[in-house]
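Everything below concerns the one structure shown next.
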Amino acid sequence: MQFWSQTYIPTLKESPAEAEIESHKLLLRAGLVRRVGGGLYAFLPLGKRVLDNVTEICREEMNRGQAIELLMPAVIPTEQWKEGPRWNAVREVMFQVISAGKDAKVPEEPQYVLGPTHEEVITPLIGSEISSYRDMGKTFYQIQTKFRNEIRPRYGLMRAREFIMKDGYSFDANDEDAEATYHRIAKAYDRFFARCGLDFISVEADAGIMGGAFSHEYMVPAEVGDDDVVYCQECGYSANVEKATSGLVPRDIVDAEPIGELEKFETPGAKTIEKLAQEPYNIPADAQFKTLLFVGDEKLFVVVVRGCDQVEEAKLSSLGYQLIRPATVDEIFEAMGAYPGSLGAIKGTLKDRSKLDGIYGDEALRLIGNGVTGANEKAMHVKNVNVRRDLDLDRFGDFRKVQEGEPCPKSGQPLKIARAIEVGHIFKLGTKFSENEKFGAMFDDADNKSQAAVMGCYGIGISRTLQAIIEQSHDKWGIKWPWSVAPYQVVITLLDPDLEEAATLANTIGVAAEAAGASVLVDDRAERPGVKFKDADLIGIPLRITIGGRGLKNGVIELKWRDEDDKQEVAIAKATSIIASAIREKASN
RNA sequence: CGGGGCGUAGCUUAGCCUGGUAGAGCGCCUGGUUUGGGACCAGGAGGUCGAAGGUUCGAAUCCUUUCGCCCCGACCA
């Protein structure tokens, strides 16, 4: 039993200007966290309790999924990272620890980095321990503070520079076992997020720089999310928009025959798809070719999509480049001989085809058949461009962003798109990290042949999950904590703390509630009732038990669930047993 | 890193355009009256106006620089 007057819950009536979204405001107003610096937060006592609850649920479900907890250092020797496959891709987001002591020299490369995740550490760590296939089939995890120097921290704990993460890593002897592990952990994730009281979906995801065979993200639908999720209500297909495909292009599509000779025409001032779609040209966006240049690993390449489509940059990684960025105007001119607005990929019109590592066409171009594109000359476009005959494409691929309403690739029903918060991500990694001779994880198989462990990695943003719960479960009065993670599950609102009879009863009921398995907070402050009710609502305690002089006279106390509107009066004589059974019922759900 | 906005008491903010030495609400402290949904009265403490430089007799206010925060974009394991 915790007395309010003896803990520290600094609630705020107004929300600080730093917070924009509801969950962030409530984190601050309910006295859960305080900002220390940009993207850096301190957990106050109440916040720490929720964090511990979420952490414990995570631990239980990981353990149930046969994962083994360990703890690695957050400070990691840089060398370890440089040997891994991601150094160039992630060094920018890593905090680098340069040196210690007044006389220490600042080295060109930092000696240490603060871990954003731990593949580079655990792979050699476990790799140097294991040697036999008999040691395979292990999954490790840790719950730890992680560091990423986010370009733009925002929304409180949602995207912070320092945050708490559960990261897990599995080592299996072969693909089949690795997939079984993957599915076992996926089930643990399902249980974890369900126990946190979240509505969530798991979606097919882009593996990003982690690479690997496949991956799923755990998404909490919310307007303030950073990701777009594509889903089909009909068949359950769901994927991150970075990965999602649609049935827009029929599998049996037949390419259109040319409808005429190429014909250049003047388009003064028309440098955009929109302009060409208007008077006097009237060429619909879905009859235009959009020609875009990117640089992948320092090599220029071209992607052509329909004028009405957007390139999904994440999908370009399927082309095999590690680092991809849009090309600069100068780079474009050198290869194409023209500037954006007049670009086209028609054979023979490019200034220097040899500067291009490839020209890739989106599959949906085939829906156009014959269309319009830039002539690689200022203020000139070309019509009657036939996809097969005229475009200088190396190959087709899926490079476009799926749009709402397109047919589901599985069921053909219209796809929906929703914003969501990514709270977990699991990857089947394969041998990307393990196959390194020195820093990898090799083992001898039954035939005494050396093999790389087939790995998987599994992340949960613990602190982000905490905020996602608030984002999904609040009203205008405050947070509505699910029973499982509430900082306290029961608050006894003592309206007249000086009344001995009331204080005694509060104690009796508090003891009974704790015995039934609830954590109890007693509001014994010398505040007016309104203040106590408002605070109880704000900090979101699931069950409020009100004890006041007025009720005592009538022999009753009051029960109020945070997620229900009605209050319930209970005779004092029956109170402890009613409360105890209500708590047991909640706890068993 | 580009674009925009904001820095005045613990929190929310007025004042800035048009320079004259800072005001309110909440919170906090004291006393009193209150007491079932953020009470009332009286008194009180609390501000180098983000920082530095400049203009001026005089700067929260005008100018320059700088730092921090927030938003949009880019980015995002």
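Just so we're on the same page: letters track the sequence lines, and every chain starts at 1.
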Of the options B/A77, B/G36, B/G38, whose atoms approach the side-chain atoms of A/V531 most closely? B/G38

Under 4.0 Å, heavy atom to any atom of RNA chain B: which of residues 459-479 of chain A qualify? none

Quick one: does A/S463's side chain have a donor or acceptor within less than 3.5 Å of a partner on A/I164's backbone? yes

Using nucleotides 27-34 of chain B, report all nitrogen or oxygen pairs with the protein that are shorter than 3.5 Å.
from: B/U34; atom 1: O2; to: A/R528; atom 2: NH1; distance (Å): 2.7

Between A/D535 and A/G37, name the one whose nearest nucleotide on RNA chain B is closer to the 5' end. A/D535

Validation: residues 311-319 of chain A side-chain donor-acceptor distances under 3.5 Å, sequence neighbours left out:
from: A/E312; atom 1: OE2; to: A/A314; atom 2: N; distance (Å): 3.3
from: A/K315; atom 1: NZ; to: A/A244; atom 2: O; distance (Å): 2.7
from: A/K315; atom 1: NZ; to: A/D398; atom 2: OD1; distance (Å): 3.3
from: A/K315; atom 1: NZ; to: A/D398; atom 2: OD2; distance (Å): 3.1
from: A/K315; atom 1: NZ; to: A/R400; atom 2: O; distance (Å): 2.7
from: A/S317; atom 1: OG; to: A/A314; atom 2: O; distance (Å): 2.8
from: A/S318; atom 1: OG; to: A/K315; atom 2: O; distance (Å): 2.8

Quick check: does any side chain N or O of A/D566 sit under 3.5 Å from a backbone N or O of A/Q568, one acting as donor and the other as acceptor? no

Scan the side chains in residues 499-507 of chain A for donor-acceptor partners under 3.5 Å anywhere in the protein, sequence neighbours excluded, and list what turns up.
from: A/T504; atom 1: OG1; to: A/E500; atom 2: O; distance (Å): 2.8

Separation of the C1' atoms in B/G38 and B/G46, to the nearest angstrom: 23 Å

With a cut-off of less than 4.0 Å, is there a side-chain N or O of A/Y155 near OP1 or OP2 of B/C76? no

Closest to side chain of A/A17, choosing from B/A77, B/C71, B/U12: B/U12

Say you pick atom P in B/C72 and the same atom in B/G10; how far apart are they, in whole Å? 28 Å

In whole angstrom, give me the gap between the P atoms of B/U35 and B/C40. 14 Å

Selected nucleotide, minimal atom distance to A/T117 side chain, candidates B/A77, B/C70, B/G36: B/A77

Determine whether the side chains of A/H474 and A/S23 contain a donor N or O and an acceptor N or O closer than 3.5 Å. no

Among the nucleotides B/C75, B/A77, B/G36, whichever has the atom closest to the side chain of A/L495 is B/G36

Same-atom distance (P) from B/A39 to B/C26, integer angstrom: 10 Å

Nearest to the side chain of A/R154, which nucleotide is it out of B/C11, B/G73, B/A77? B/G73

Basic-acidic side-chain contact under 4.0 Å: A/E120, A/K82: no

Check RNA chain B against residues 553-572 of chain A and give the residues with a non-hydrogen atom under 4.0 Å, in numerical order. A/E558, A/K567

Residue matched to B/G53 through Watson-Crick or wobble contacts both under 3.5 angstrom: B/C63

Do A/R159 and B/C76 have a side chain to base donor-acceptor pair shorter than 3.5 Å? yes

Under a 3.5 Å cut-off for both distances, is B/U34 Watson-Crick or wobble paired, and to whom? none

Without swapping roles, check the side chain of A/D537 against the backbone of A/W477 for a donor-acceptor pair under 3.5 Å. no

By the 4.0 Å heavy-atom rule, please label A/T493 as base, sugar-phosphate, or nothing. nothing

Could you check whether A/Y182 and A/F214 have their ring centres less than 6.0 Å apart? yes

NA contact type, A/R34, heavy-atom cut-off 4.0 Å: base, sugar-phosphate, or nothing? nothing

Under the 3.5 Å rule, do the base of B/A77 and the side chain of A/R86 count as making a donor-acceptor pair? no

Whole angstrom is fine here: how far is it from CD in A/E217 over to P in B/C76? 13 Å

Expressed in angstrom and rounded to an integer, what is the separation of A/Q310 atom CD from B/A74 atom C1'? 14 Å

Starting the side chain at C-beta, find the nucleotide from B/U12, B/U35, B/A77 nearest to A/P116. B/A77

Check A/E119 with A/K432, please: is the shortest side-chain N to carboxylate O separation under 4.0 Å? no

Pairing nucleotide - B/G2, Watson-Crick or G-U, each distance under 3.5 Å: B/C72

A/Q467 (side chain) donor-acceptor with A/Y155 (main chain) under 3.5 angstrom: yes

Salt bridge flag under 4.0 Å for residues A/D475 and A/R562: yes

Can you figure out which of B/G37, B/G25, B/C71 approaches the side chain of A/R544 most closely? B/G37

Which value, in whole Å, describes the distance between the P atoms of nucleotides B/G68 and B/G25? 35 Å

Distance alone, cut at 3.5 Å: any donor-acceptor contact between the side chains of A/K146 and A/Q144? yes

Atom NZ of A/K534 to atom P of B/U35: distance rounded to whole Å? 19 Å

What's the gap between B/G47 and B/A60 when it is taken at their C1' atoms, as a whole Å value? 11 Å

P gap between B/G20 and B/C67, integer Å: 30 Å

Within this structure, what is the CD-to-C1' distance between A/E223 and B/C71, rounded to whole angstrom? 17 Å

Look at A/R35 and B/C70 and indicate whether a side-chain polar atom (N or O) is within less than 4.0 Å of OP1 or OP2. no

Pick the P atom in B/U8 and in B/U48, then give their distance to the nearest Å. 12 Å

For B/U18, the Watson-Crick or wobble partner whose two distances fall under 3.5 Å: none

A/T181 backbone acceptor or donor facing A/D172 side chain under 3.5 Å: no

Between A/Y169 and A/F433, does the ring centre distance come in under 6.0 Å? no

For A/I21 and B/C71, give me the distance from atom CD1 to atom P, rounded to whole Å. 9 Å

Atom CG of A/N149 and atom P of B/C1 are separated, to the nearest Å, by 11 Å

Nucleotide nearest A/L538 (side chain, heavy atoms from C-beta), chosen from B/G25, B/G38, B/U13: B/G38

Sort out the partner of B/G23 for me: Watson-Crick or G-U wobble, both distances under 3.5 Å, none otherwise. B/U13

Atom CZ of A/F163 and atom P of B/A77 are separated, to the nearest Å, by 12 Å

A/D227: partners by side-chain hydrogen bond (donor to acceptor under 3.5 Å, both in side chains), with sequence neighbours left out: A/N240

So, is A/R152 near the phosphate of B/C1, with a side-chain N or O under 4.0 Å from OP1 or OP2? no

Between A/E14 and A/R161, whichever has its closest RNA chain B nucleotide further toward 5' is A/E14

